[in-house]
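Beneath this line is the structure, given in structure tokens, with notes to follow.
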Amino acid sequence: MLDIKQIRANPVAVQEKLSLRGGDYDLQPLLRLDQRQRDLETRRSQLQSRSNTIGKAVGQKIKSGSDPQGPEIAALRTEGNDLKTQLAELDPEEKALKLEIQNILLTLPNLPSDTTPQGKTETENVEIHRWGDAHKRGPEGILPHWEMGEKLGIFNFERSAKVAQSRFVTLLGAGAALERALISFMLDQQIAAGYIEALPPILVNSDSLTATGQLPKFAEESFKCADDDLWLTPTAEVPLVNLYRDEILESDALPIYHCAYTPCFRREAGSYGRDTRGLIRLHQFNKVELIKIVNPETSEAEHETLRQNAEAILQALELPYRVIELCTGDLGFGAAKCYDLEVWLPSAETYREISSCSNCYDFQARRANIRYREAGTKGTQFAHTLNGSGLAVGRTMAAILENYQAANGAVKIPTVLQPYLRREVL
RNA sequence: GGAGAGGUGGCAGAGUGGUCGAAUGCGCUCGACUUGAAAUCGAGUGUACCGAAAGGUACCGUGGGUUCGAAUCCCACCCUCUCCGCCA
């Protein structure tokens, strides 16, 4: 959520930054509501103050012997009732305004960072660097991963559609073991990098989704339980960040690092026909997620190390990838700055997103009300939150099935995974 | 799912209509005493909003209601705990 005070103070600057994302943002209606709300608040608090004085006066007079039924107290009661009537008129309007303002604020995306490259669409994203070109292979003799997987019998889509629907997979035998090995390897590596492992709830309530920014705008992207205020989490970022919702942390408790394996669930509404085959776009997929809650002064540096922690997995697996920085037009709703890691998929001869590392600055923290207190100072400040995949497991498996295909049709197991899988080829 | 108990400040725990943002204790911060520490003593110690400031307002699980006045009374909801049942 954006800071209404900032919008009030610099409406033009905020509007310009928002428009870098593309789309129209007119902040004037919001500012008018805000002004009206504050006027009402001033009025209301004056009336309230008088009402409090009367309330106290009545009590005092009765205590010091006035007749509770006498004219003096009757007059105060009348004035009190009068104020109550006036307040009853102001109050609903002010509450409605507050709600309206809040609802508008909740729909506004984060401001892009000053360092985020400007651009309208993903074509203007900026490549930062590439890694592993030496291992990069072309499509010659490469089966797409879904064909390879079916040939090896390590997953099955057709039967999964029977169990659930399309865009679900069942991993079988070595496929299930490989997925499990990848999860263990990723977690072990991130734990070694300083992240505290968490195994959080994967059903989350509406407040949690609102705090991290999936609600109210992206409700159609998540699966919702019919009878409870619970949703299947679209990413572990939601439960992990919300662990600290409505908390005031001591500054020495920061930074907080968590990693977590969870399944993730996405409805993929509006992506019909895209990536219909294989492990790339499923309603349910596994991911190891990284989150950080940090002091604002360190968040830029923390973002860089977060990205390196994600990159380290790809390097250890010797999968060729590139890092791109999203331009302002391609930035996610809550992100101020974002790097995507894209792994090489030889069958398609493209790089595909396998990790997204975002710095949300204080955007989520304001929604989630996650603050910290600097020792010895008065007041509190919003922390910064960061998140990144480390990594998307299904897409990692896809990348391995393609990049590690040998000429004889076997798939070699990356060296670092061999201790986990206790085998060298699939 | 059934029965019961309960939700108050960092924690514990008073408070059942009036001056209560809230006693007391612990914790924490600063100070005094001490060679240092402990103990002791003194002062301070919630959050947010409005306001240039003085100051004002709100918050005792959440939302309504009664009243001149609600932590306290009424209604609804949420959550936690205990026991029973069921269950991985």
Side-chain angles (χ1 to χ4, degrees), chain A residues 1-9 30-106 199 201-211 225 227-231 239 242-254 256 263 362 365-383:
Chain A
M1 195 159 61
L2 299 182
D3 184 359
I4 184 72
K5 287 185 203 158
Q6 189 192 1
I7 298 176
R8 216 182 273 151
L30 176 64
L31 288 167
R32 278 194 293 273
L33 293 173
D34 175 56
Q35 185 59 53
R36 173 86 182 132
Q37 190 272 126
R38 281 189 300 155
D39 291 346
L40 281 179
E41 178 168 331
T42 306
R43 259 312 286 301
R44 199 214 61 224
S45 120
Q46 284 165 352
L47 293 174
Q48 201 77 256
S49 175
R50 177 61 191 149
S51 171
N52 288 346
T53 309
I54 290 170
K56 282 177 188 169
V58 171
Q60 253 156 6
K61 285 189 189 300
I62 291 176
K63 210 162 219 179
S64 59
S66 287
D67 176 7
Q69 311 303 326
E72 201 181 16
I73 286 178
L76 287 171
R77 282 201 177 141
T78 308
E79 192 185 350
N81 272 323
D82 209 55
L83 286 166
K84 202 154 55 161
T85 313
Q86 294 183 53
L87 282 167
E89 283 170 24
L90 295 185
D91 213 42
E93 189 185 348
E94 198 203 337
K95 276 189 179 149
L97 279 169
K98 272 192 168 155
L99 194 67
E100 203 178 339
I101 290 164
Q102 183 74 1
N103 285 342
I104 292 173
L105 285 174
L106 285 174
L199 196 52
I202 54 178
L203 294 190
V204 296
N205 58 34
S206 296
D207 284 348
S208 294
L209 284 167
T210 304
C225 298
D227 295 328
D228 300 280
D229 178 32
L230 290 170
W231 307 65
N242 276 283
L243 247 19
Y244 299 93
R245 195 173 73 225
D246 292 320
E247 290 199 26
I248 300 173
L249 304 158
E250 294 304 327
S251 61
D252 60 13
L254 302 178
I256 291 169
D362 62 2
R366 185 170 287 105
R367 287 171 161 250
N369 198 24
I370 300 174
R371 293 167 291 172
Y372 71 97
R373 191 182 352 244
E374 206 66 66
T377 65
K378 252 192 119 47
T380 60
Q381 292 185 67
F382 289 111

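All figures in this text were calculated on a predicted structure; none of them were measured in a lab. Letters A, B, ... are given to chains in the order of the sequence lines, protein chains preceding strands, and every chain is numbered from 1.
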Taking N or O atoms only and anything under 3.5 Å, show me the protein contacts with nucleotides 44-46 of chain B, one pair per line.
none

Measure all distances between protein nitrogen or oxygen atoms and nitrogen or oxygen atoms of nucleotides 76-80 of chain B, and list the pairs falling under 3.5 Å.
none

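Side-chain atoms of A:Q381 and A:Y372 form a donor-acceptor pair, as typed in the model, at a separation below 3.5 Å.
Within residues 84-99 of chain A, the residues that place at least one heavy atom under 4.0 Å from RNA chain B are, in residue-number order, A:K84, A:K95. Proximity of residues 38-46 of chain A to RNA chain B (heavy atom under 4.0 angstrom from any strand atom) is restricted to A:R38, A:E41, A:T42, A:R44, A:S45.
B:A23 and B:C77 have their P atoms separated by 34 Å, with the value rounded to a whole Å. Nucleotides B:G65 and B:A70 have their P atoms positioned 12 Å apart, rounded to a whole Å. When the P atom is used for both B:A39 and B:U29, the distance is 13 Å, rounded to whole Å. Comparing the same atom, P, in B:U62 and in B:G7 gives a spacing of 13 Å after rounding to whole Å. Straight-line distance between the C1' atoms of B:A14 and B:A22: roughly 10 Å, to the nearest whole Å. Using atom P as the reference point in both B:G15 and B:U72, the two lie 15 Å apart (nearest Å). Comparing B:A12 with B:G6, their C1' atoms are spaced 16 Å from each other, to the whole Å. Annotation: B:G46 and B:U24 have their P atoms spaced 14 Å apart (nearest Å).
Residue A:R366 is classed as having no contact, given no heavy-atom separation below 4.0 Å to the nucleic acid. At the heavy-atom level, A:K61 lies nowhere under 4.0 Å from the strands shown. A:Q60 comes within contact range of at least one nucleobase, with a heavy-atom separation under 4.0 Å. Within the nucleic acid shown, A:I62 comes within 4.0 Å of at least one base atom, counting heavy atoms only.
Residue-to-nucleotide proximity on RNA chain B shows that, of A:K63 and A:Q37, the 5′-proximal contact is made by A:K63. Nearest-nucleotide positions on RNA chain B for A:Q381 and A:T78 put A:Q381 closer to the 5' end.
For A:N242 (side chain) and A:R245 (main-chain N/O), no donor-acceptor pair under 3.5 Å exists by modelled atom type. With A:S64 contributing its side chain and A:Q60 its backbone, the two residues share a donor-acceptor pair below 3.5 Å. Not a single donor-acceptor pair under 3.5 Å links the side chain of A:S51 to the backbone N or O of A:L47. Counting only distance, with no hydrogens or angles, the side chain of A:T210 and the backbone of A:S206 share a donor-acceptor pair below 3.5 Å. In terms of modelled atom types and a separation under 3.5 Å, the side chain of A:D67 and the main chain of A:Q69 share a donor-acceptor contact.
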Fill in: A:I7 and A:L30: CA distance, side-chain angles, deciding distance, side chain to side chain contact (heavy atoms under 4.5 Å, CB included) verdict
CA-CA 9 Å; A:I7 298 176; A:L30 176 64; 3.9 Å; yes
Worksheet item: Checking side-chain hydrogen bond (donor to acceptor under 3.5 Å, both in side chains) for the pair A:N369/A:D246: CA distance, chi angles, key distance, verdict?
Response: CA-CA 5 Å; A:N369 198 24; A:D246 292 320; 3.2 Å; yes
Worksheet item: Passes side-chain hydrogen bond (donor to acceptor under 3.5 Å, both in side chains), A:N52 versus A:S49? Steps please.
Response: CA-CA 5 Å; A:N52 288 346; A:S49 175; 6.0 Å; no
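Spacing between atom CZ of A:R50 and atom C1' of B:G55 amounts to 17 Å, rounded to whole angstrom units. Rounded to an integer number of Å, the gap from NZ of A:K56 to C1' of B:G69 is 10 Å. When rounded to the nearest whole Å, the span between CD1 of A:I101 and P of B:C50 equals 11 Å. When rounded to the nearest whole Å, the span between CD of A:Q35 and P of B:C50 equals 11 Å. With rounding to whole Å, A:E72 atom CD is found 17 Å from B:C68 atom P. Nucleotide B:U47 holds its C1' atom 11 Å from the CZ atom of A:F382, rounded to whole Å. Atom pair A:D229:CG and B:U62:P shows a separation of 18 Å (rounding to whole Å applied). Protein atom CZ of A:R77 is 6 Å distant from nucleotide atom C1' of B:C68, rounded to whole Å.
For B:A32, the paired base is B:U40 (Watson-Crick or G-U wobble, both distances below 3.5 Å). Both distances falling under 3.5 Å, in either a Watson-Crick or a G-U wobble arrangement, place B:A12 opposite B:U24. Pair check for B:U57 finds B:A48; Watson-Crick or G-U wobble, both atom distances under 3.5 Å. When Watson-Crick and G-U wobble pairs are counted only if both distances are under 3.5 Å, B:C83 pairs with B:G2.
Contacts of A:R50 classified as side-chain contact (heavy atoms from CB on, under 4.5 Å), with partners at least two apart in sequence or in another chain: A:T53, A:I54, A:E79, A:L83. For A:Y244, the ring-ring contact (aromatic ring centres under 6.0 Å, His included) criterion is met by A:H258, not counting sequence neighbours.
Counting heavy atoms from C-beta on, the side chains of A:D362 and A:I370 never come closer than 4.5 Å. Residues A:R371 and A:E247 have side chains not in contact (no heavy-atom distance under 4.5 Å, counting atoms from C-beta outward). With a 4.5 Å cut-off on side-chain heavy atoms, A:I202 and A:P239 do not count as touching.
For A:S51, no side-chain nitrogen or oxygen approaches OP1 or OP2 of B:C68 to under 4.0 Å. Note on A:N52: a side-chain N or O is less than 4.0 Å away from OP1 or OP2 of B:A58.
Of all non-hydrogen atoms in A:R366 and A:M1, the two that sit nearest each other are NH1-O, 3.0 Å.
Ion pairing between A:D39 and A:R43 fails under the 4.0 Å rule for side-chain N and carboxylate O.
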